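Reading through the structure tokens given below for one structure.
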Protein chains: 2
Amino acid sequence: MKLSRQFPLNALHVFEAAARLKSFTRAGEEMGMTQTAVTYQIKLLEEHLGEPLFFRRPRQVTLTPAGERLAPKIAEGFSVIAEAIGGMKDQSESTLVIHTTATFATRWLAHHLGTFQLENPGIAVRLETSQDMVDFTRAEADVAIRSGKGEWPGLKSHFLMKSHFTPMLSPALAATIGGVTEPADILKLRIIDAGDPWWPMWFAAAGMPDIDLKARPISRYGAQAFEAAAAVAGQGVAILKPEFYTDELALGRLIQPFDLLASDGSDYWFVYPQARRNTRKIRAFREFMRKSMPTFRD
Amino acid sequence: MKLSRQFPLNALHVFEAAARLKSFTRAGEEMGMTQTAVTYQIKLLEEHLGEPLFFRRPRQVTLTPAGERLAPKIAEGFSVIAEAIGGMKDQSESTLVIHTTATFATRWLAHHLGTFQLENPGIAVRLETSQDMVDFTRAEADVAIRSGKGEWPGLKSHFLMKSHFTPMLSPALAATIGGVTEPADILKLRIIDAGDPWWPMWFAAAGMPDIDLKARPISRYGAQAFEAAAAVAGQGVAILKPEFYTDELALGRLIQPFDLLASDGSDYWFVYPQARRNTRKIRAFREFMRKSMPTFRD
DNA sequence: CGCATGGATCAATTCTACTGATCCATGCGA
DNA sequence: TCGCATGGATCAGTAGAATTGATCCATGCG
């Protein structure tokens with residue numbers, strides 16, 4: 001047995017209520033519609049079944065034998081469906097999947113996520129890191145934190161912070177050349193990942209637009225976090241986002257020789273599908289981000 | 001857990017098909033709609049749940065974990081509902097409730113119903129008799145056979161036969177006055193149910209409009225069939241519908257002294273609710289009536 | 001490389017579902 | 001017994017949901 005496409009399921013739903021309450025008016029109230037609408041839906045259903053489901057008596061309706069037989073099974077069917085949907089909602093509320101870059105994950109989320117989990121014990125967090133912008137229509141992701149222009153169709157994005165950068169190195173390395181006091185000093189040292197596009201941008205901002213690092217040996221680390229680790233180890237100068245390394249600066253493991261910050265025009269954004277903005281877990285995470293990130297914008 | 005009124009049940013139904021077939025296009029075919037419509041419905045459902053159910057991959061869709069969890073339960077729910085409806089249809093197809101008068105039941109249906117039952121072994125027949133026209137909205141009735149004008153709102157009616165009548169009596173009673181050869185002879189005999197409104201109509205048709213039987217003792221039999229039985233027993237003259245008594249005439253238990261038939265303007269009709277015209281049992285009974293009643297009209 | 005496949009998008013259209021007003025029959029209380 | 005309250009039916013009018021057809025797009029496959 002298979003229900004045809006045309007089958008008036010909504011009418012069936014109305015019938016379930018009417019049969020239970022033995023009243024079109026009260027069924028209408030429960031379903032948030034008028035008595036007229038209930039009358040219409042029930043008639044529609046009867047038409048489809050070719051069989052009356054209620055006897056119309058003045059001031060009351062009573063189920064026909066057919067309706068009597070049908071009602072409990074329909075109620076059961078809807079309850080199965082309602083349970084399934086309820087269950088799914090519970091489940092899906094319970095795990096938040098965050099997509100972001102390895103760098104943001106290690107340098108910021110790792111420090112703050114503990115707070116979110118304390119405040120939301122019911123929500124498990126899964127962190128997925130990759131270099132590319134996640135496609136919400138293809139991957140299992142609830143929210144993402146990415147750099148970009150903040151304009152993605154179908155997605156709601158909140159500005160988090162500027163994505164600016166500046167050279168950083170270990171104090172020991174700086175000492176080997178008697179300290180780094182002007183941009184040109186950098187060129188005396190090994191550049192970690194000389195192929196990083198941030199370098200020419202920063203030198204241009206520093207008034208040296210013609211610096212070409214291409215000649216230098218290029219080793220790609222692939223992620224800022226790894227470059228930073230190499231810099232801490234004194235292996236060279238890295239170009240980093242200082243907000244991510246406040247602790248290394250405080251500990252004196254890295255120094256930031258210049259105040260000058262350059263930017264490639266893209267910023268950090270917190271994004272999620274517009275349509276899911278009101279799910280509990282996304283709402284909770286948004287509030288957490290709002291609190292934890294001083295430069296958060298709606 | 002209760003489904004809200006706004007819940008898109010039809011979308012859920014579409015989802016069931018799409019999840020099973022893993023294709024919007026094929027789901028559309030199965031449901032008799034276009035792929036576009038499926039896309040719309042699925043999106044609607046996802047919007048409602050605040051959660052994607054399919055990953056959109058080029059050339060195919062696959063269920064998200066949430067969709068994966070949901071699909072089987074939804075399928076089960078719909079199957080419960082479909083079973084219920086299927087079961088009800090079977091049941092309801094299996095009993096035909098006929099409302100009619102005692103007379104029509106005994107004098108015509110009793111003789112023909114056997115044929116119907118032989119031809120439709122799956123359909124049980126229940127016969128309900130009463131004097132009043134059945135109200136299909138209040139009583140458990142599938143079809144009715146009644147006299148009237150053939151115009152009832154919401155009901156389909158088929159003409160069955162004229163409701164004309166003529167005096168009938170037993171040959172023995174006729175012999176007591178040397179035979180009944182002209183209308184006035186009737187008055188020499190006892191009139192069964194002299195209050196029957198058919199008498200003055202018949203006398204009027206016979207050119208004797210002023211006959212008043214009111215003075216005679218009136219005993220109401222309430223149903224033609226009982227009057228006929230009294231007539232067979234020689235208790236008097238009854239005014240009857242000859243079509244109902246062809247066998248009594250053939251057996252010589254009753255005679256019809258005059259060809260003259262009078263009518264009160266109402267005829268016999270076969271009626272049922274317009275909306276149920278295509279249910280199997282009603283269709284079957286209609287065909288039976290068409291065959292069995294030479295004057296049947298659509 | 002070019003085509004076939006399956007889904008997304010968009011604008012236009014159809015038609016369902018619903019409402020508000022009104023009517024009707026009846027049960028109930030005064 | 002009358003009048004009113006209650007609950008459903010009917011009807012016309014309407015907002016907006018559902019659907020379609022045309023078109024676009026990405027990709028897997030020969």
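Reminder, nothing fancy here: chain letters follow the sequence lines and each chain counts from 1. Since this is a predicted model, take the numbers as computed values, not measurements.
Remark: A:E287 engages A:R290 in a side-chain contact (heavy atoms from CB on, under 4.5 Å) (not counting sequence neighbours). Listed by chain and number, the residues in a side-chain contact (heavy atoms from CB on, under 4.5 Å) with A:T106 are A:A225 (sequence neighbours excluded). Residues meeting the side-chain contact (heavy atoms from CB on, under 4.5 Å) test with B:A82, sequence neighbours left out: A:M1, A:L3. In this structure A:H13 satisfies the side chain to side chain donor-acceptor pair (under 3.5 Å) test with no other residue, sequence neighbours excluded. For A:F7, the ring-ring contact (aromatic ring centres under 6.0 Å, His included) partners at least two apart in sequence or on another chain are A:H48. Residues satisfying the salt bridge (Lys or Arg N to Asp or Glu O under 4.0 Å) test with A:R26, not counting sequence neighbours, are none.
Look at CE on A:M31: it is 13 Å from P on C:dA17, rounded to the nearest Å. Atom pair B:R56:CZ and C:dG6:C1' shows a separation of 13 Å (rounding to whole Å applied). Regarding B:E46, its CD atom lies at a distance of 9 Å from the P atom of C:dA8, rounded to whole Å. Going from atom CD1 of A:I42 over to atom P of D:dT10 covers 14 Å, rounded to whole Å. Between the P atom of C:dT19 and the CD atom of A:E29 lies a distance of 13 Å, rounded to the nearest Å. B:L9 has its CG atom 15 Å from the C1' atom of C:dT16, to the nearest Å. As rounded to whole Å, 11 Å separates atom P of C:dA17 from atom CG of A:L45. Atoms CD (B:E47) and P (C:dA8) sit 14 Å apart, rounded to a whole Å.
Taking the six-membered ring for Trp and the full ring otherwise, the centers of B:Y268 and B:F270 sit at least 6.0 Å from each other.
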request  = Please report the C-alpha distance between A:E51 and A:R69 in whole Å, then the side-chain angles of each, then the deciding distance to 0.1 Å, and finally whether the salt bridge (Lys or Arg N to Asp or Glu O under 4.0 Å) criterion is met.
outcome  = CA-CA 12 Å; A:E51 177 126 32; A:R69 259 182 288 124; 5.6 Å; no
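Contacts between residues 16-24 of chain A and DNA chain D, defined by a heavy-atom separation below 4.0 Å, involve A:S23, A:F24, listed by number.
Taking only side-chain nitrogens and oxygens, B:T39 comes nearer than 4.0 Å to OP1 or OP2 of C:dA8. Between B:R57 and the phosphate of C:dG7, there is no side-chain N or O to OP1/OP2 separation shorter than 4.0 Å. Between A:K43 and D:dT10 there is a side-chain N or O to OP1 or OP2 distance below 4.0 Å.
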Return a table of donor-acceptor pairs under 3.5 angstrom between the side chains of residues 29-38 of chain B and protein atoms on other chains or two or more places apart.
| unit_1 | atom_1 | unit_2 | atom_2 | d |
| --- | --- | --- | --- | --- |
| B:E30 | OE1 | B:R20 | NH1 | 3.2 |
| B:E30 | OE2 | B:R20 | NH1 | 3.4 |
| B:E30 | OE2 | B:R20 | NH2 | 2.7 |
| B:T34 | OG1 | B:A37 | N | 3.3 |
| B:Q35 | NE2 | B:T39 | OG1 | 3.0 |

Contacts under 3.5 angstrom, residues 72-80 of chain A side chains, donor-acceptor by atom type, not counting sequence neighbours:
none

Run the side-chain donor-acceptor check on residues 59-68 of chain A: report pairs under 3.5 Å with partners two or more places apart or on a different chain.
| unit_1 | atom_1 | unit_2 | atom_2 | d |
| --- | --- | --- | --- | --- |
| A:T64 | OG1 | A:P52 | O | 2.9 |
| A:T64 | OG1 | A:L53 | O | 3.3 |
| A:T64 | OG1 | A:A66 | N | 3.4 |
| A:T64 | OG1 | A:G67 | N | 3.0 |

key: Paired and unpaired positions of DNA chain D as dot-bracket, Watson-Crick or G-U wobble under 3.5 Å, | denoting a partner strand   = ||||||||||||||||||||||||||||||
key: Contact state string [nucleotides 16-27 of chain D, B base, S sugar-phosphate only, - no protein heavy atom under 4.0 Å]   = -SBBBBB----B
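Classified by interplanar angle (parallel below 30°, tilted 30° to 60°, perpendicular above 60°), the ring pair A:W108/A:F104 is parallel.
Here B:V61 lies in heavy-atom contact (under 4.0 Å) with sugar-phosphate atoms only.
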